Amino acid sequence: MALDDDIRILSGVSLFSGLSAEQLRLLAFGAEAVRFQAGREIYRETAPADCAYIVISGKVVLYRDHNGESVAVSRLGPGAILGELALIADTRRLTYAAAETDVEMIRLNRSLFRRILEEYPEAAADLHRRMLEDLQEFLKKIERLGVKFAD
C-alpha cells in the first residue's frame, strides 16, 4: 500500500484524530503492512504487547479464556484498532486475536509512537485528554450496567 493510503487509514482511527498531517505521515512511514490468512492467530492472550494493529480489510475475532475455553467477545472490521494500550505502556494482551477472514492490517510499534509523542508534546497532551474522556465514558457505562445487576 502507498504511504498516502496508510495516512488516510490512520487519520480515520479515533486514537489518532488529534495528530497533524506531519505526525500521521511519520506514523505511517514507520508502520508495517501485515496480512493474516483466515483462522491464523494474530496474538495470544497474556502475551507481551509491544504494538497495535489497525484493521484495513477483513474481520478479526477477539477471544477471552473462560474456564479453559476460548469465548468470542468481539468481532472487529476495517478501521478498528487492536491493542492501543500497547502503544503507550508495557502491558500484556487482554485477549486472543485471530483472523476470522483474510485480514490486512497496519502494525504500529510502541517505540515509534512514543518517539512521536516525545517530539510533539502537544499531541501527547491531546492523547492523554482523549484517553481520559474514553475512560470516563467507559466507567459511566459500567455504572449503568451495575444498576441492572444489583441485588
Side-chain angles (χ1 to χ4, degrees), residues 1-66 68-139 141-142:
M1 236 190 328
L3 185 64
D4 288 339
D5 291 333
D6 287 351
I7 292 168
R8 180 185 46 76
I9 290 164
L10 292 172
S11 69
V13 176
S14 64
L15 181 66
F16 308 132
S17 64
L19 297 181
S20 70
E22 178 185 346
Q23 294 159 350
L24 286 169
R25 182 171 297 284
L26 289 171
L27 194 57
F29 188 74
E32 174 188 2
V34 293
R35 296 172 191 251
F36 296 92
Q37 292 181 336
R40 186 160 170 230
E41 173 185 298
I42 299 168
Y43 56 76
R44 288 199 174 276
E45 187 173 352
T46 72
D50 66 348
C51 67
Y53 295 91
I54 290 87
V55 180
I56 298 170
S57 65
K59 291 274 187 194
V60 174
V61 182
L62 300 180
Y63 297 93
R64 291 283 313 223
D65 180 66
H66 182 70
E69 184 178 328
S70 291
V71 177
V73 294
S74 185
R75 285 182 164 72
L76 304 172
I81 185 169
L82 290 77
E84 62 269 26
L85 185 58
L87 290 174
I88 58 171
D90 292 332
T91 186
R92 295 195 170 272
R93 300 289 182 193
L94 300 176
T95 58
Y96 168 79
E100 184 171 42
T101 65
D102 288 351
V103 177
E104 186 176 358
M105 305 172 90
I106 295 173
R107 182 183 185 276
L108 301 170
N109 70 54
R110 179 185 311 130
S111 62
L112 171 66
F113 193 70
R114 282 186 174 174
R115 192 167 61 233
I116 290 171
L117 295 181
E118 288 169 3
E119 291 180 23
Y120 299 95
E122 71 283 357
D126 184 62
L127 176 68
H128 180 266
R129 179 191 52 75
R130 282 185 283 115
M131 291 179 79
L132 184 58
E133 289 171 358
D134 289 349
L135 179 59
Q136 289 171 337
E137 184 59 34
F138 178 70
L139 292 173
K141 287 179 184 177
I142 289 174

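A quick note: this is a predicted structure, and the numbers were derived from the prediction, not measured. These numbers come from the heavy atoms of this one structure, side chains and all, not from hydrogens, waters or symmetry mates.
Scored by the side-chain contact (heavy atoms from CB on, under 4.5 Å) test, Ala99 finds Phe36, Val103 as partners (sequence neighbours excluded). Residues forming a side-chain hydrogen bond (donor to acceptor under 3.5 Å, both in side chains) with Asp90 (at least two apart in sequence, or on another chain): Arg110. When the side-chain hydrogen bond (donor to acceptor under 3.5 Å, both in side chains) test is applied to Glu119, no partner is found at least two apart in sequence or on another chain.
Atoms CG and CG, on Asp5 and Leu10 in that order, are 11.0 Å from each other to the nearest 0.5 Å. Distance CG/Leu27 to CG/Leu19: 6.5 Å, rounded to 0.5 Å. Considering CG of Leu82 and OG1 of Thr95, their distance stands at 7.0 Å, rounded to 0.5 Å. Within the model, atoms CG of Leu112 and CD of Glu32 stand 12.0 Å from one another, a figure rounded to the nearest 0.5 Å. Rounding to the nearest 0.5 Å places CD1 of Ile106 at 4.5 Å from CD1 of Ile9. The distance from the OG atom of Ser11 to the CG atom of Asp6 is 10.5 Å, given to the nearest 0.5 Å.
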Output, in order, the C-alpha distance, side-chain angles, deciding distance and verdict of side-chain contact (heavy atoms from CB on, under 4.5 Å) for Ile88 and Leu127. CA-CA 10 Å; Ile88 58 171; Leu127 176 68; 4.2 Å; yes
Checking Arg130 against Asp126 for the side-chain contact (heavy atoms from CB on, under 4.5 Å) test, could you report, in this order, the C-alpha distance in whole Å, the side-chain angles of both residues, the deciding distance, and whether it holds? CA-CA 6 Å; Arg130 282 185 283 115; Asp126 184 62; 2.9 Å; yes
Can Asp65 and Tyr96 be said to form a side-chain contact (heavy atoms from CB on, under 4.5 Å), step by step? CA-CA 8 Å; Asp65 180 66; Tyr96 168 79; over 6 Å; no
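Ion pairing between Glu118 and Arg114 fails under the 4.0 Å rule for side-chain N and carboxylate O.
The heavy-atom pair separating Ala123 from Leu117 by the smallest distance is C-CD2, 4.1 Å. Residues Gln23 and Ser20 share a closest heavy-atom pair of OE1-N, 2.8 Å. The two residues Phe16 and Leu24 make their nearest non-hydrogen contact at CB-CD2, 4.0 Å. Across every non-hydrogen atom of Pro78 and Ser57, the tightest pair is CG-CA, 4.1 Å. The minimum heavy-atom distance between Ala52 and Gly83, with the atom names listed, is CB-O, 3.6 Å. When every heavy atom of Ala31 is checked against every heavy atom of Leu108, the shortest pair comes out as CB-CD2, 3.6 Å.
By the 6.0 Å contact criterion, CD on Glu69 is open, its count of non-hydrogen atoms from other residues, nucleotides or ligands being 12 or less. Atom CD of Glu137 sits in a crowded spot, with more than 12 heavy atoms from other residues, nucleotides or ligands closer than 6.0 Å.
Between Leu87 and Leu15 the shortest side-chain heavy-atom distance falls below 4.5 Å. Counting heavy atoms from C-beta outward, Ile56 and Met105 have side chains that stay 4.5 Å or more apart. For the pair Asp4/Arg25, a side-chain contact is recorded, criterion being any heavy-atom separation below 4.5 Å from C-beta on. Taking 4.5 Å as the limit, some side-chain heavy atom of Leu26 sits within range of a side-chain heavy atom of Tyr120.
The backbone N or O of Lys59 lies less than 3.5 Å from a partner atom in the side chain of Thr101, making a donor-acceptor pair. No donor-acceptor pair under 3.5 Å is formed between the side chain of Arg35 and the backbone N or O of Asp102. Panel note: side chain Arg107, backbone Ala33; no donor-acceptor pair is recorded below 3.5 Å.
The only option from Arg64, Arg92, Arg93 that meets the salt bridge (Lys or Arg N to Asp or Glu O under 4.0 Å) definition with Glu45 turns out to be Arg64.
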